[in-house]
Amino acid sequence: MPELPEVETIRRLLAEGRRGGPPLPGQRITGAQVLWERTVAEPDAALFVARVTGQEILSLGRRGKYLRLNLSRDVLLIHLRMSGDLWLEPLEEPPHRHHRVIFDLSSGYRLGFNNARKFGRLWLVEDPAPWLDKLGPEPLDEAFTVTDFYARLHPRRRRLKPLLLDQTFLAGLGNIYTDEALHRAHLHPLRIANTLTVQEAAALLDSIRFVLREGLRQNGASIDWVYRGGGFQNTFQVYQRTGQPCHTCGTPIRRIIVGQRSTHFCPRCQPLRE
DNA sequence: ACGAGCGCCTGTCGGC
DNA sequence: TGCCGACAGGCGCTCG
């Protein structure tokens, strides 16, 4: 589900009080409940509840697809995986049935970790470095240059699609934005990374940044019952457009499976060479 | 290093 | 209407 633009959109809305309740920073967690045990990866659920209760939310950050709630004592890391979301709702209302962990807040609202497919995870830790340090560069970080990107691509013999989905290579891309970026860069998803020229690497980084920024501008994509409200889905060029004409050349978009993931591309605009 | 297969889960959709 | 398979924005694991 959520990729970098969706996670960042949720972060912004929660930080700014535009997600159905007041801004999270400045609120105190007055209680918590774990409704699906496996959601809490660390520490165990009982300790998690005891330790998070009483802490104040100071600020919200993001690294790759991880949301980071900086609390007065600890850091709460949240990974939404396929279907996770964070909701604010008044305490008087009953919790939504897909909430897996809920936090009662001093403002009279509840923060619900909503997660139909139960893949999402929370970690309450003093130091998030062991998780975040494994991640590759932030694609939108201005300090990350084409030269850096080419240097990372060059030693790799993996196909572009699985490589771009690898969060230790680059942090934040998922299935939608990877397909869209490859299409925009005219690169075939099966192209081997170390065959790219510097110019192709530059085009790819440009395209990655373009589609991510466009997703952010549209408040993310929302292709089903999760994330209604995002507008990026209306600008998909290839994702979920199997058989429909390419907006550039009219050739039907093809769908193949790469690394067990659906992969969409235009066989004419993204030829496989070398 | 790399890829394939599988597990984790619930829900939706299309075909019969 | 009901049933059944395919599919879904992610990622960790094992095994070649």
Side-chain angles (χ1 to χ4, degrees), chain A residues 1-11 35-42 62-67 77-86 96-101 113-123 130-132 134-136 139 152-183 189-195 208 211-212 214-216 218-243 255-264:
Chain A
M1 86 125 218
E3 307 180 32
L4 188 155
E6 290 74 35
V7 177
E8 177 63 18
T9 296
I10 291 170
R11 187 198 68 76
L35 304 170
W36 182 258
E37 292 263 337
R38 302 185 60 167
T39 303
V40 177
E42 195 171 314
R62 179 195 58 77
R63 175 80 172 90
K65 300 176 195 171
Y66 285 90
L67 260 174
L77 282 183
I78 303 175
H79 200 303
L80 306 171
R81 293 278 180 96
M82 289 286 270
S83 61
D85 197 359
L86 288 165
H96 188 276
R97 77 185 180 105
H98 290 320
H99 285 354
R100 309 305 183 193
V101 177
F113 178 65
N114 190 274
N115 191 210
R117 286 177 75 184
K118 299 179 175 173
F119 292 166
R121 292 291 179 266
L122 308 190
W123 299 258
W131 289 269
L132 304 185
K134 290 177 194 159
L135 298 174
R152 289 182 80 78
L153 283 167
H154 198 246
R156 308 303 297 268
R157 295 187 183 196
R158 286 179 84 180
R159 302 168 300 177
L160 287 176
K161 174 71 188 265
L163 185 60
L164 292 174
L165 287 175
D166 183 342
Q167 302 300 298
T168 67
F169 178 75
L170 193 64
L173 288 178
N175 213 29
I176 295 176
Y177 291 90
T178 298
D179 282 3
E180 294 296 321
L182 286 171
H183 178 260
L190 297 180
R191 183 77 177 274
I192 304 300
N194 73 348
T195 68
I208 289 168
V211 298
L212 290 177
E214 192 60 19
L216 284 168
Q218 311 241 21
N219 288 326
S222 57
I223 57 178
D224 53 30
W225 33 280
V226 189
Y227 302 114
R228 295 176 174 89
F232 186 69
Q233 59 190 331
N234 303 318
T235 61
F236 289 168
Q237 300 297 303
V238 288
Y239 187 77
Q240 287 190 340
R241 293 199 61 245
T242 310
R255 173 180 179 272
I256 58 175
I257 302 296
V258 184
Q260 283 94 252
R261 307 299 300 279
S262 259
T263 298
H264 312 76

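Worth knowing before you read on, the calculation uses all heavy atoms, side chains too, and leaves out hydrogens, waters and symmetry mates. Note on naming: letters A, B, ... go to the chains in the order of the sequence lines (proteins, then strands), and numbering restarts at 1 for each one.
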Whole angstrom value for the distance that separates [atom2] of [N] from [atom1] of [X]:
X        : N      : atom1 : atom2 : result
A:Asp166 : C:dC13 : CG    : P     : 14 Å
A:Arg97  : B:dT10 : CZ    : P     : 10 Å
A:Leu163 : C:dG10 : CG    : P     : 15 Å
A:Phe169 : B:dA1  : CZ    : C1'   : 14 Å
A:Leu153 : B:dA1  : CG    : P     : 15 Å
A:Asn115 : C:dG10 : CG    : P     : 13 Å
A:Ile78  : C:dC11 : CD1   : C1'   : 17 Å
A:Asn114 : B:dG11 : CG    : C1'   : 13 Å

Among [options], the nucleotide that comes nearest once only the side chain of [X] is considered:
X        : options               : value
A:His98  : B:dG3, B:dG11, B:dC2  : B:dG11
A:His79  : B:dG11, C:dC11, C:dA8 : C:dC11
A:Glu3   : C:dG10, C:dA8, B:dG3  : C:dG10
A:Arg156 : C:dG10, B:dG3, B:dC2  : B:dC2

Detail all sub-3.5 Å separations between protein N/O atoms and N/O atoms belonging to nucleotides 5-9 of chain B.
{"unit_1": "B:dG5", "atom_1": "N7", "unit_2": "A:Gln260", "atom_2": "NE2", "d": "2.6"}
{"unit_1": "B:dC9", "atom_1": "OP1", "unit_2": "A:Arg38", "atom_2": "NH1", "d": "3.1"}
{"unit_1": "B:dC9", "atom_1": "O2", "unit_2": "A:Arg117", "atom_2": "NE", "d": "2.8"}
{"unit_1": "B:dC9", "atom_1": "N3", "unit_2": "A:Arg117", "atom_2": "NH2", "d": "3.4"}

Quiz prompt | Option passing side chain to side chain donor-acceptor pair (under 3.5 Å) with A:Lys161 (candidates A:Asp166, A:Thr178, A:Asn175) | solution =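 It is A:Asn175, the one option of A:Asp166, A:Thr178, A:Asn175 that forms the side chain to side chain donor-acceptor pair (under 3.5 Å) with A:Lys161.
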Quiz item: Checking side-chain contact (heavy atoms from CB on, under 4.5 Å) for the pair A:Tyr239/A:Glu180: CA distance, chi angles, key distance, verdict?
Solution: CA-CA 7 Å; A:Tyr239 187 77; A:Glu180 294 296 321; 3.4 Å; yes
Practice problem: Find which nucleotide of DNA chain C each of A:Arg255 and A:Arg261 is nearest to by heavy atoms, and output the residue with the more 5' nucleotide. | Solution: A:Arg255
Quiz item: Is it true that A:Trp123 and A:Tyr66 have ring centroids separated by less than 6.0 Å?
Solution: yes
Self-check item: Between B:dC9 and C:dC4 - P atom distance, rounded Å
Solution: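 That atom pair is separated by 23 Å.
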Practice problem: Using the C1' atom on both, measure B:dC8 against C:dC3 and round to a whole Å. | Solution: 24 Å
Quiz item: Paired stems touching DNA chain B, three or more consecutive Watson-Crick or G-U pairs with both distances under 3.5 Å?
Solution: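 When the pairs of DNA chain B are grouped into runs of at least three, the stems are B:2-8 with C:10-16, B:10-16 with C:2-8.
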Quiz prompt | CD/A:Glu42: more than 12 non-hydrogen atoms of other groups inside 6.0 Å | solution = yes
Exercise. Considering just the side-chain nitrogens and oxygens of A:Arg159, establish if one lies under 4.0 Å of OP1 or OP2 belonging to B:dC2.
Key: no
Quiz prompt | Under 4.0 angstrom between A:Ser262 side-chain N/O and C:dA8 OP1 or OP2 | solution = yes
Self-check item: Audit row: A:Arg121, A:Thr39, side chain to side chain donor-acceptor pair (under 3.5 Å) steps and yes/no
Solution: CA-CA 5 Å; A:Arg121 292 291 179 266; A:Thr39 303; 5.0 Å; no
Exercise. Start with the C-alpha distance between A:His264 and A:Asp179, add both sets of side-chain angles, then the distance that settles side chain to side chain donor-acceptor pair (under 3.5 Å), and finish with yes or no.
Key: CA-CA 6 Å; A:His264 312 76; A:Asp179 282 3; 2.9 Å; yes
Quiz item: Which distance, rounded to the nearest 0.5 Å, do you find between the CZ of A:Arg100 and the CG of A:Asn114?
Solution: 7.5 Å
Exercise. Give a yes or no answer on whether the side chain of A:Arg81 reaches the backbone of A:Pro2 with a donor-acceptor pair at less than 3.5 Å.
Key: no
Quiz item: Ignoring hydrogens and geometry, is there a side-chain-to-backbone donor-acceptor pair from A:Arg156 to A:Asn194 under 3.5 Å?
Solution: no
Self-check item: side chain to side chain donor-acceptor pair (under 3.5 Å) partners for A:Arg62, two or more places apart
Solution: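 Partners of A:Arg62 under the side chain to side chain donor-acceptor pair (under 3.5 Å) test: A:Glu8, A:Glu138.
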